[in-house]
Chemist: 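What follows is a single structure, and I will ask about it in a moment.
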Amino acid sequence: MLVSDPCGAPVTAPSDPESLDALRQRLAAVASLELAALDAEEIAVLGRKQGELTHLLKAMATLPLDEKKQRGAALNALKLEFDAAVAARRTELKHGAEARDAREVDLTMPGRATWTGTRHPVTVVMDEIVDIFRELGFVVALGPDIENEERNFGALNFPPDHPALDMHDTLYVDTAGADLPAGERLLLRTHTSPVQVRVMRAGPPPYRVVIPGLAYRNDPFDASHAPAFTQMEGLAVDEGISFVDLKATLSHFARRFFQSDAQVRFRPSYFPFTEPSAEMDVSCALCGGSGCAACKGSGWMEILGCGMVHENVLSNCGVDPERYTGFAFGMGPHRIAMLRYGLADIRLLYGGDMRFLAQFGALGQ
Amino acid sequence: MNASRQWLEAFLRRRLDSRDLAARLAMLGAPVDAIEPVGADLRTFVVGLVTAVRQHPDADKLRLTTVDDGSGTLFSVVCGAANVTAGRKYPFARLGTVMPDGMTIEKRKLRGEPSEGMLCSARELGLGEDHDGLLTLDTDAAPGTPLIDVLDVGDERLVIDVTPNRADLLGHKGVARELAASFGVPFRLPEIPGEVALDLPTPTRFGDEAPVGGIRLAIDDRDGCGRFLAAVIRGVSVGASPEWLRRRLVSAGVRSINNVVDATNYIMLELNQPMHAYDAATLRGPSLIARSSRPGERLVTLDGVDRVVPDGTLVIADAERVIGIAGVMGGRDTEVTERTTDIMLECAWFSPVRVRRARRALDLATDAAQRFERGTDRWGAVDAFRRCLRLLVTVAGGALDGSSADCFPVPSHPPRIFLRPARVAQVLGIELAWQEIEKHLVAIGATVLSKPGDGRIAVDVPGWRPDLTAEIDLIEEVARVHGYDRFPTELRASRPGLRVDDAAWAAAGRLRLALAAHGLSEVITLPMVARAGSDAPRVLNPLSADHGLLRDTLLPSLVHEVEANWAMHTANIRLFEVGTGFAAGKHGALPTEALRVAFAVTGDRAPAHWTDGGKPAAWDRWDASGLFERLVDLAHPTAKVHVEGDRWIARLADGSVVGSCGACPADAPPWAAPLFGGEVTVGLDLRQRASFTPLPVFPSIARDLALLLDLSQASAGITGLLAERGRRHGLESVAVIDEYRGKGLPSGKRSITVRLVFRSADRTLTDSEVEQALGRLRTSLERELDVTVRST
Ligand SMILES: [Zn+2]
């Protein structure tokens with residue numbers, strides 16, 4: 001029986017049950033075909049132009065409706081099965097090839113590495129400190145390393161000729177030829193506190209700043225001293241800030257920075273620019289407070305100095321001490337890094353020994 | 001300050017534990033740096049029981065003893081002391097013990113008899129001058145017990161870290177006062193053993209001048225000397241101090257000299273009032289005057305140094321010469337010696353500022369200067385003076401010549417301060433009842449005069465606390481005595497500040513992360529260096545010439561660290577630093593500072609991998625210039641990088657240089673790979689923010705051009721021209737993707753391949769449009785730059 005396809009070309013009549021059976025046998029054989037045969041079989045059966053199944057499906061258009069329904073269902077089911085079988089076989093062959101490759105390549109050979117850069121351990125410590133205070137509303141303020149005596153000492157309530165000056169063995173900068181007021185000398189700041197003065201003089205309270213930077217002392221460069229070292233200073237001034245806020249803020253910092261169960265204690269101390277002044281100790285992480293060499297047997301590590309900003313300092317910076325109160329603190333990231341990493345010689349932190357620096361890779365990133 | 005535990009026990013009339021004291025003092029603001037056992041050198045001695053004594057067969061004065069040291073072994077010991085008796089206990093030095101004089105006890109033979117240790121006298125132990133025989137131990141302790149547990153030398157020295165504001169804690173009385181407050185017990189002065197009853201009237205009050213024991217006492221510098229007390233004691237016998245006095249001084253770490261000097265030192269250590277005793281016979285005039293020094297005056301101080309006294313220094317003088325630097329050190333010519341019979345005792349209040357200046361000018365740190373600098377108690381000086389006189393007469397004999405004198409030209413009282421309880425609450429953040437405030441102030445020795453009827457408490461501060469001058473000082477004392485540990489630690493609400501992070505901090509953070517991400521390691525080197533550019537500011541007073549200049553650039557420090565790595569045989573080095581560069585001001589300007597970032601790289605570009613046969617490529621100039629361009633982008637995005645000579649230089653539009661990069665000269669070992677480095681000044685005025693450009697809708701077309709050019713011709717000129725001319729033809733980007741030199745090219749020529757990418761924002765470009773554009777660009781290259789296009 002000859003029928004016309006929509007394009008008018010003669011096609012063979014819809015296949016009889018025998019041709020369907022033959023196709024079913026070929027379907028069963030798909031699972032064992034190799035890749036080239038599989039490609040050929042896919043074209044032969046499912047190909048868009050010459051595929052046998054395609055052909056049979058096209059030919060169905062000429063059949064009466066009831067026959068079309070019946071045969072169509074069978075043919076479509078067969079086509080779907082063929083599709084699935086070809087795809088499954090293809091995946092199977094692909095995996096087999098990969099597995100073969102893997103057997104030939106030694107995947108235990110080392111991978112190609114890149115250099116791991118590192119931030120300095122002191123930077124890591126400083127960033128951690130800043131991050132904790134940032135959560136408490138502090139921002140970072142900076143100032144120059146070369147300062148005048150007024151901001152480094154006078155504004156900070158260091159009386160002239162006072163023994164407190166002995167704690168600050170000062171390095172002075174040669175300003176020969178510079179246009180300085182008579183008698184004024186420039187120095188390398190002995191602490192980061194002059195930045196407090198700059199912050200307060202720049203505008204009215206509230207202030208909430210942390211001040212990282214270098215401080216300088218006329219100290220020898222040996223295992224425990226350096227003529228320049230980092231400091232991290234903090235200042236919070238507003239109406240209603242009290243000693244309780246100081247204790248609370250710094251205790252929170254200590255437990256965040258060290259361990260959540262660290263013991264914290266505040267001891268009276270003395271700084272010209274704060275009053276009341278305190279020293280904050282944290283229980284020694286190495287011995288847990290029972291006393292060891294690291295904490296000189298005391299069970300405590302001195303971490304920072306702090307206090308309520310001295311009312312003279314507020315006045316000197318144009319802030320009314322009757323209305324505003326505040327606290328300030330300062331700590332040494334170099335020293336904290338030494339404690340944290342168990343360094344006995346501070347000079348390691350000023351060197352560039354790759355064998356030392358490389359140890360901070362995981363921490364730096 | 002070295003405090004003796006036993007001395008403090010004498011003040012508090014109770015046994016004390018040094019560790020407990022250290023804990024209490026720490027919480028009062030006077031941390032104890034160390035607890036040192038006094039007589040620690042006696043640790044190795046034990047109690048020895050002499051079980052038998054025989055006469056030495058060959059020596060009349062020697063005895064053969066058998067000593068039980070508790071170890072189970074009996075030792076034969078030859079002993080020369082007459083008082084050795086069987087059944088008695090004596091200090092025993094086992095073999096190997098080091099004696100206080102440094103000698104080690106060894107096994108030896110004395111006149112043929114073996115001796116395996118030594119029985120000791122008090123003198124041999126450094127415990128006294130008594131050399132009459134062995135130190136008999138009257139103890140029930142078993143043989144072998146450490147001697148230190150049996151003898152009452154078991155004192156401990158507390159090394160207290162006294163803050164510069166606290167003058168009073170430089171005396172045992174001040175420390176005892178703090179501890180009494182902590183324990184909640186009273187305290188009083190220890191008794192002077194064997195104190196001689198002495199009729200001691202209050203010194204007679206004078207103005208600037210007074211007669212005392214035939215000697216003229218005078219203040220010629222009221223600014224420097226606010227109070228000047230003196231007395232003359234005649235007929236003293238200078239000699240060794242009694243045992244108790246020597247032990248007190250030794251416990252506090254002061255050497256015993258003679259009974260007169262020891263007595264003054266004792267009062268200084270007890271009451272924080274330095275005193276000075278002169279040999280009265282040496283005073284010319286005779287007079288004792290506190291005055292300013294005159295130009296050219298000299299003095300040989302007690303330490304034997306001949307010093308020029310700086311003009312205007314506060315000195316003590318007699319009628320003719322300077323005899324002491326007031327508050328710092330006395331002179332040798334008027335020193336009390338063993339021949340002295342008459343002494344003049346001086347007790348004064350000297351200006352802290354004047355003493356400090358003198359001490360610094362003469363570089364002469366003494367116990368006395370340390371105390372005067374912090375401020376002594378000018379009102380308590382009289383009591384200290386009287387106690388010292390009693391002590392002197394007790395330990396050195398003699399009698400007062402007439403009454404003592406007290407020159408106090410401008411009498412005064414300790415200051416009165418008004419304290420507002422509301423201010424206490426404002427600063428401390430807790431409400432304290434005024435009774436509690438009063439209790440704390442009384443504990444430090446203040447007198448609280450009025451109840452807060454008008455909202456203020458009047459407080460008379462004690463004379464020994466010159467640091468208490470304002471209300472806030474009292475608030476601190478209230479907090480301190482109340483106990484810092486009793487304040488709560490509750491986080492209360494607070495207003496954030498209105499500032500933003502300093503731009504330099506943000507920039508430094510970005511640069512650190514970027515360079516670490518490139519595999520470089522950060523260093524923080526000292527900003528002070530030995531050598532730097534001519535612009536580097538000079539440090540006036542460096543401890544070492546190695547740190548005499550403030551560096552203008554960072555790269556030399558990195559090169560120095562690279563060399564240090566090479567010295568350690570490290571070949572793969574990648575360093576960077578973000579730090580300050582300094583420049584001296586020009587034409588009267590002040591020094592300036594700028595944030596800079598520098599890097600130095602040498603060695604393998606990546607860790608060795610087996611695929612490159614263990615010979616990975618080294619960092620080369622293209623790595624360096626790529627890193628440099630990245631750094632310029634981050635640090636100074638408005639700068640442009642130019643090639644100048646064999647370096648890459650970053651310049652701003654105005655021509656100023658903000659960075660440079662290239663090969664670094666260095667002291668390299670032969671095996672080292674080339675070293676490259678660069679440095680950029682960080683621009684902080686630019687707030688860079690990424691901007692969004694809509695994504696392209698139409699596809700791009702890429703074409704490669706192979707160009708033939710002179711060896712000396714810069715590729716940047718070619719890509720620049722292409723970018724410029726190509727813009728109107730839809731040229732999106734141009735990049736050099738290859739270079740070829742050598743065979744097949746005319747001599748003096750090289751070939752580069754550039755990749756051009758064309759795209760239109762509003763339509764899909766056709767091949768013919770691109771071909772047309774390429775044709776135009778080719779013409780431009782050939783005409784304008786004499787570059788031949790080899791192929792497309
Ligand atoms: Zn510890």
Side-chain angles (χ1 to χ4, degrees), chain A residues 109-110 112-120 122-123 137 139-142 144-146 161 163-164 171-174 177-179 206-209 214 218 220 227-228 238 242-245 247-248 251-252 265-270 275-276 278 308 311 325 350-355 357 364-365, chain B residues 26-29 163-165 353 356 373-374 427-429 472 476 479-480 484 487-492 495-497 499-502 504-505 512 516-528 537-541 543 547 561 565 570 573-575 580 585 588 590-591 593 606-607 609:
Chain A
M109 292 287 273
R112 192 173 282 121
T114 55
W115 295 120
T116 304
T118 56
R119 284 184 303 154
H120 195 271
V122 170
T123 299
V139 298
V140 175
L142 300 178
D145 293 11
I146 298 177
D161 281 313
L171 287 166
Y172 287 89
V173 178
D174 186 2
D179 218 354
Y207 313 119
R208 247 177 131 71
V209 292
L214 281 177
N218 199 355
D238 200 355
S242 74
F243 193 71
V244 170
D245 298 299
K247 262 194 86 173
S251 300
H252 172 80
R265 76 170 183 185
F266 289 78
R267 296 181 280 110
S269 190
Y270 168 76
E275 188 161 26
M308 298 301 292
E311 49 194 33
T325 46
Y350 293 88
D353 194 323
M354 292 300 294
R355 299 167 305 172
L357 299 171
Q365 301 305 313
Chain B
M27 292 311 288
L28 286 163
T163 52
N165 58 325
V353 169
R356 179 180 159 82
E373 269 187 46
R374 292 174 185 225
V427 173
L428 299 185
I472 189 69
E476 176 172 60
R480 193 174 69 84
Y484 282 8
F487 285 81
T489 52
E490 64 193 49
L491 272 173
R492 298 172 178 174
R495 288 197 287 173
R499 299 169 63 102
V500 294
D501 271 358
D502 192 294
W505 179 256
R512 287 190 185 106
H518 274 80
L520 276 64
S521 286
E522 187 188 11
V523 292
I524 300 178
T525 58
L526 276 182
M528 300 101 119
R538 209 163 59 81
V539 179
L540 277 178
N541 55 332
L543 264 190
H547 305 143
E561 294 305 327
N565 271 295
T570 302
I573 310 160
R574 305 162 307 282
L575 301 176
T580 301
L590 296 178
E593 298 173 32
H609 191 251

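Throughout, protein chains are lettered first and strands after them, A, B, ... in sequence-line order, and every chain is numbered starting at 1.
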Chemist: I'd like to verify something: which residue of V353(B), D501(B), L491(B), V427(B) has the highest number of heavy-atom pairs under 4.5 Å with chain A?
Modeler: D501(B)
Chemist: Once rounded to the nearest 0.5 Å, what's the spacing between atom CE of M27(B) and atom CZ of R267(A)?
Modeler: 8.0 Å
Chemist: Under 4.5 Å heavy-atom distance to chain A, tell me which part of H547(B) shows up: side chain, backbone, both or neither.
Modeler: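 Answer is side chain: those atoms of H547(B) sit under 4.5 Å from chain A.
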Chemist: Would you mind checking which part of L526(B) comes under 4.5 Å of any heavy atom in chain A, side chain (CB onward), backbone (N, CA, C, O), both or neither?
Modeler: both
Chemist: Testing the basics here: between M528(B) and A228(A), what is the closest heavy-atom pair and its distance to 0.1 Å?
Modeler: SD-CB, 4.1 Å
Chemist: Pick whichever of D245(A), N218(A), T325(A), T114(A) has the most heavy-atom pairs under 4.5 Å with chain B.
Modeler: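 Looking at each of D245(A), N218(A), T325(A), T114(A) in turn, N218(A) comes out on top.
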Chemist: Would you name the heavy atoms of R495(B) and P206(A) that are closest together and state the gap between them?
Modeler: NH2-CD, 3.8 Å
Chemist: Picking from L357(A), I146(A), V209(A), L214(A), which has the most non-hydrogen pairs under 4.5 angstrom with chain B?
Modeler: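 Heavy-atom pair counts peak at I146(A).
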Chemist: Under a 4.5 Å cutoff for heavy-atom pairs, which residue among M308(A), R355(A), K247(A) has the most contacts with chain B?
Modeler: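 The answer is K247(A).
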Chemist: How long is the straight-line distance from CG of L540(B) back to CG of L171(A), given to the nearest 0.5 Å?
Modeler: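 Taking CG in L171(A) and CG in L540(B), the distance rounds to 9.5 Å.
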Chemist: State whether the side chain of E561(B) and the backbone N or O of G352(A) hold a donor-acceptor pair below 3.5 Å, judged by distance alone.
Modeler: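 Yes, the answer is positive, given that a donor and an acceptor are paired below the 3.5 Å cut-off.
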Chemist: Closest heavy-atom contact between S242(A) and R492(B)?
Modeler: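 S242(A) and R492(B) have their closest heavy atoms at OG-NH1, 3.8 Å.
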Chemist: Report which part of P537(B) has an atom under 4.5 Å of a heavy atom belonging to chain A: side chain, backbone, both, or neither.
Modeler: side chain
Chemist: Relative to chain A, which segment of N565(B) carries a heavy atom at a distance below 4.5 Å: side chain, backbone, both, or neither?
Modeler: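 N565(B) touches chain A through side-chain heavy atoms alone.
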Chemist: Which one of P110(A), P268(A), A278(A), P276(A) has the most heavy-atom pairs closer than 4.5 Å to chain B?
Modeler: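 Among P110(A), P268(A), A278(A), P276(A), the one with the most close pairs to chain B is P268(A).
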Chemist: Hydrogens and angles aside, do S521(B) and T118(A) bring a side-chain donor and acceptor to less than 3.5 Å of each other?
Modeler: yes
Chemist: CZ/R119(A) to CG/L520(B) distance, rounded to the nearest 0.5 angstrom?
Modeler: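 Output value for this atom pair is 14.5 Å.
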Chemist: So which of V139(A), V122(A), V140(A), L142(A) has the largest heavy-atom pair count under 4.5 angstrom toward chain B?
Modeler: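 Of the options given, most contacts go to V140(A).
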Chemist: Is it the backbone or the side chain of T580(B) that comes under 4.5 Å from a heavy atom of chain A, or both, or neither?
Modeler: side chain
Chemist: Indicate the atoms forming the closest heavy-atom contact of A606(B) with A113(A), along with that distance.
Modeler: CB-O, 4.3 Å
Chemist: Closest heavy-atom contact between L543(B) and P220(A)?
Modeler: CD1-N, 3.3 Å
Chemist: Below 4.5 Å, heavy atoms only, C-beta onward: do M354(A) and L575(B) meet side chain to side chain?
Modeler: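 Side-chain contact under 4.5 Å: yes.
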Chemist: Under a 4.5 Å heavy-atom cut-off, does chain A meet the side chain of E490(B), its backbone, both or neither?
Modeler: both
Chemist: Before giving the answer on side-chain contact (heavy atoms from CB on, under 4.5 Å), spell out for Y350(A) and T525(B) the whole-Å C-alpha distance, their side-chain angles and the decisive distance to 0.1 Å.
Modeler: CA-CA 5 Å; Y350(A) 293 88; T525(B) 58; 5.8 Å; no
Chemist: Mind checking whether F266(A) and F487(B) have ring centres under 6.0 Å apart?
Modeler: no
